[in-house]
Amino acid sequence: MSHHIVEVKDLKFHYPDQTPALRGVSFQIRHGESVAIVGANGAGKSTLLLHLNGYLTPTDGQVRIGDYQLTPETVREVRRTVGMVFQDPDDQLFMSTVFDDVAFGPLNLGFTPEDVTARVEKALATVGVSHLKNRPPHRLSTGQKRRVAIASVLSMSPDILVMDEPSAGLDPRARTQLIELLKSFEHTKIIATHDLDMVVDLCERTIVMHDGLVSADGPTMEIFSDDKLLAASCLEKPLRMQGCPICRCKG
Ligand SMILES: Nc1ncnc2c1ncn2[C@@H]1O[C@H](COP(=O)(O)OP(=O)(O)O)[C@@H](O)[C@H]1O
Ligand SMILES: [Mg+2]
C-alpha cells in the first residue's frame, strides 16, 4: 500500500482526432494535499482531470487512486473516492430540482432513502444552499449552480475533490465565498484554474502544465516567484504578487 492517494505515471492521451493532449504526465499526491494545476489554454489540464475518475481512458500510462489501479473493473470504486466538479455546472446538474441532483449520486450508490435524504441535507447545508433545495437548478445563478454542483459531489463523501476552473464566471463576492468554502474542506483537493490568486489562497503546491507535459511542480510561492517559468508557461503572476501598479513597489 502506498501513502500516495493519487499516482499518475507517464500518462499519455490522444483524442480520437489524434490531438496529443497529454504527452507523458507523472506526479504523486498525498492525502490532504491541496494542489493546483495551472497552465495556458490547451495545456491539457481538463484532459488530465478527466482521467482521474475514468471519464477518459489513457492512451498509455497509468492512474492509481488509493489502492486501486484505475481500470474498467475499478472505475466504480474510484468514482466513490474521487468527486469531480466539472467546469460547467450545466454538465453536472440535469435533474428537475436541486434536491434530486444532489441525491442522484447517493441513490446510485444504493443508500436507503433516509440515508440519501440525510446526505443531501448535510451537503446542501455545507455549501449554504439548503434554501434552494426545491428549485430547478437551471434557474439558479452561476455561483448558486457551482455550490449545488459541489454539493452533488459532497453527498457521495469523496476523499478527493477534483475541480475544473471552480471560480470561472463568478462575481468577486461569490468567488471570495467559494474560496472560503473550499478552504474549510479537509479533502485532498486538485484544482485546475487560471485564477492564480485563488491558488495562493488554497494550494500549497502547484503543478504547471505546458503543451501536454508537466513543466514544473513545487511549492506555490516558489513557482509564482519564477518569472522565467511563468513566461515560458504563458502565465502571469498573481495580482497580489505584482506589487503596486503605480510604482511597482511590493508594499
Ligand atoms: N474533445 C476534444 N477533441 C479533440 N481535441 C481536444 C478535445 N478536448 C480538448 N482537446 C485538445 O486537447 C488539448 C488539451 O486541451 P484541454 O485539456 O482542454 O486543455 P486545458 O484544460 O488546459 O485548456 C488542446 O490541444 C485541445 O484543443
Ligand atoms: Mg480546461
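Just follow the structure's listing: the first ligand is 1, and inside any ligand the first atom is 1. Please read all numbers here as calculations on a predicted model, not as lab measurements.
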cation_pi(R135, F99) dist<6.0 Å, angle<=45: no
Please write down residue, atom name and distance for the protein heavy atom closest to [atom].
atom	value
atom 18 (O) of ligand 1	S46 CB, 3.9 Å
atom 2 (C) of ligand 1	Y15 CD2, 3.4 Å
atom 24 (C) of ligand 1	G42 O, 3.7 Å
atom 25 (O) of ligand 1	T19 CG2, 3.7 Å

Spacing of CZ belonging to R64 relative to CD1 belonging to I5, to within rounding of 0.5 Å: 10.0 Å
T188 side, atom OG1; L161 side, atom CG - distance, nearest 0.5 Å: 8.5 Å
Contacting atoms of ligand 1, where contact means under 4.0 angstrom from a heavy atom of A21: 12 (O), 13 (C), 14 (C)
Atoms of ligand 1 close to N41 [distance to a heavy atom under 4.0 angstrom, numbered from 1]: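 Reading through ligand 1 atom by atom, the close ones are 23 (O).
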Protein non-hydrogen atom found under 4.0 Å from atom 27 (O) of ligand 1: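 No, no protein heavy atom sits under 4.0 Å from atom 27 (O) of ligand 1.
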Salt bridge or not between [X] and [Y]? Use side-chain N to carboxylate O under 4.0 Å.
X	Y	value
K183	E180	yes
R240	D201	yes
D159	R80	no
E121	K133	yes

ILVMFWY network linking L11 to I37, side-chain heavy atoms under 4.5 angstrom: yes
Ligand 1 versus D164: contacting region, heavy-atom distance under 4.0 Å: neither
Side chain, backbone, both or neither: the part of A40 lying under 4.0 Å from ligand 1 by heavy atom: backbone
Shortest reach to atom 17 (O) of ligand 1 by a heavy atom, considering only L22, D211, T47, V38: T47
The Mg ion (ligand 2) reached by S46 (N, O or S, under 2.8 Å): yes
G44 touching ligand 1 at heavy-atom level, < 4.0 angstrom: yes
